[in-house]
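Below is one structure, written out as structure tokens; comments come after it.
Both backbone and side-chain heavy atoms feed into the values below; hydrogens, waters and symmetry mates do not.
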Amino acid sequence: MEANSPTLGFLLHDVARLLKKRFEQNSRGSGLTRSQWQVLAYLARNEGINQTGLAELLEIEPITLGRIVDKLDTMGLIERLPHPTDRRVWVLHLTPAARPKLEQVRKLGDVTRGEALVGVSEADRQRLLKTLQALKENLTKACDLPAAVPKRASHG
């Protein structure tokens with residue numbers, strides 16, 4: 001590998017950043033921000049979750065999520081319902097009005113992915129997904145272990 005070649009971490013970060021940027025460009029005029037789209041998409045896969053759990057999934061601060069949820073609630077796209085056994089907790093659900101928005105986000109995601117994958121064969125796409133899934137599994141397992149700390153050199 002050349003000295004100037006990007007490392008895995010930098011390359012993954014750049015691709016993720018550019019995907020986000022392009023999605024934002026494609027979704028302008030939709031009436032929602034990328035953060036709002038992301039909350040709707042994660043909530044669709046985790047309906048009935050509380051705000052703290054959703055904030056953890058999204059890796060954002062609960063107060064940040066609270067503002068996004070407030071806005072989506074005002075827009076009539078999500079609702080807070082009382083937790084069945086804990087009166088202190090509210091759980092989040094999509095409203096019927098969110099379903100067409102989710103379809104819209106899926107289409108915008110398809111367009112953005114299509115742009116990213118121009119010229120990449122179906123076989124390479126499948127290999128890429130399989131490789132990324134393996135990286136995710138490896139890192140998920142590694143995150144449950146103590147951190148790998150480099151040994152300090154002894155000078156004496």
Side-chain angles (χ1 to χ4, degrees), residues 6-117 125-152:
T7 63
L8 176 66
F10 284 112
L11 194 54
L12 286 173
H13 179 268
D14 287 347
V15 169
R17 179 183 53 78
L18 289 166
L19 276 170
K20 288 177 190 176
K21 180 179 181 177
R22 187 59 181 158
F23 180 84
E24 287 171 350
Q25 291 172 339
N26 287 335
S27 65
R28 270 197 200 111
S30 69
L32 294 174
T33 65
R34 184 185 51 80
S35 296
Q36 291 167 338
W37 281 122
Q38 190 175 26
V39 168
L40 287 178
Y42 270 74
L43 185 53
R45 287 186 251 143
N46 298 280
E47 275 207 78
I49 194 170
N50 65 36
Q51 279 187 214
T52 302
L54 187 56
E56 288 173 8
L57 281 177
L58 292 166
E59 296 182 347
I60 62 175
E61 292 297 319
I63 192 77
T64 302
L65 177 64
R67 287 197 277 292
I68 297 168
V69 166
D70 288 345
K71 181 72 172 170
L72 292 170
D73 187 18
T74 300
M75 297 168 83
L77 298 175
I78 65 170
E79 58 187 350
R80 293 177 172 109
L81 299 173
H83 188 279
T85 59
D86 188 344
R87 319 182 297 179
R88 300 166 297 166
V89 177
W90 295 88
V91 293
L92 303 173
H93 289 272
L94 296 172
T95 66
R99 303 295 171 193
K101 288 289 188 185
L102 284 168
E103 186 55 35
Q104 185 182 9
V105 76
R106 283 186 192 98
K107 288 178 183 173
L108 290 167
D110 289 346
V111 167
T112 305
R113 278 187 298 281
E115 291 173 330
L117 293 168
R125 290 176 187 206
Q126 293 307 313
R127 239 184 323 278
L128 174 62
L129 290 174
K130 188 174 180 179
T131 301
L132 289 172
Q133 187 62 43
L135 292 176
K136 180 181 175 183
E137 289 171 14
N138 291 342
L139 289 169
T140 298
K141 289 177 189 170
C143 285
D144 290 336
L145 301 173
V149 180
K151 292 186 178 179
R152 299 180 89 170

Can you list the residues that meet the side chain to side chain contact (heavy atoms under 4.5 Å, CB included) rule with [X], with sequence neighbours excluded?
| X | answer |
| --- | --- |
| Ala142 | none |
| Arg34 | Lys20, Phe23, Glu24, Gln38 |
| Ser30 | Ser27, Leu32, Trp37, Gln104 |

With sequence neighbours excluded, tell me which residues meet salt bridge (Lys or Arg N to Asp or Glu O under 4.0 Å) with [X].
| X | answer |
| --- | --- |
| Glu56 | none |
| Arg88 | Asp86 |
| Arg125 | none |

So salt bridge (charged side-chain N to carboxylate O under 4.0 Å, His left out) across residues 131-143, not counting sequence neighbours, yields none

I need the full list of salt bridge (charged side-chain N to carboxylate O under 4.0 Å, His left out) pairs touching residues 59-71, with sequence neighbours left out, sorted by first then second residue.
Asp70-Arg80

List the atom of Pro96, the atom of Pro100, and the distance in Å for their closest heavy-atom pair.
O-CD, 3.4 Å

Considering all heavy atoms of both residues, which atom of Ala97 and which atom of Gly76 are nearest to each other, and what is their separation?
CB-O, 3.7 Å

Is any side-chain heavy atom of Leu135 closer than 4.5 Å to one of Leu132?
yes

Nearest 0.5 Å, what's the [atom1]-[atom2] distance between [X] and [Y]?
| X | Y | atom1 | atom2 | value |
| --- | --- | --- | --- | --- |
| Asp144 | Leu139 | CG | CG | 11.0 Å |
| Thr131 | Gln126 | OG1 | CD | 11.0 Å |
| Leu92 | Leu54 | CG | CG | 6.0 Å |
| Arg113 | Leu108 | CZ | CG | 10.0 Å |
| Gln36 | Lys101 | CD | NZ | 9.5 Å |

Taking side-chain hydrogen bond (donor to acceptor under 3.5 Å, both in side chains) as the test, write out the residues that go with [X], two or more places apart.
| X | value |
| --- | --- |
| Asp14 | none |
| Glu115 | Arg22, Asn26 |
| Thr85 | His83 |

With Gln51 as partner, the option from Val69, Ile68, Val89, Ile63 fulfilling side chain to side chain contact (heavy atoms under 4.5 Å, CB included) is Val69

Donor-acceptor list for residues 39-50 side chains, cut-off 3.5 Å, not counting sequence neighbours:
{"from": "Asn46", "atom 1": "ND2", "to": "Tyr42", "atom 2": "O", "distance (Å)": "2.8"}
{"from": "Glu47", "atom 1": "OE1", "to": "His93", "atom 2": "ND1", "distance (Å)": "3.4"}
{"from": "Glu47", "atom 1": "OE1", "to": "Leu94", "atom 2": "N", "distance (Å)": "2.9"}
{"from": "Glu47", "atom 1": "OE2", "to": "Arg99", "atom 2": "NH2", "distance (Å)": "2.9"}
{"from": "Asn50", "atom 1": "OD1", "to": "Thr52", "atom 2": "N", "distance (Å)": "3.1"}
{"from": "Asn50", "atom 1": "OD1", "to": "Gly53", "atom 2": "N", "distance (Å)": "2.6"}

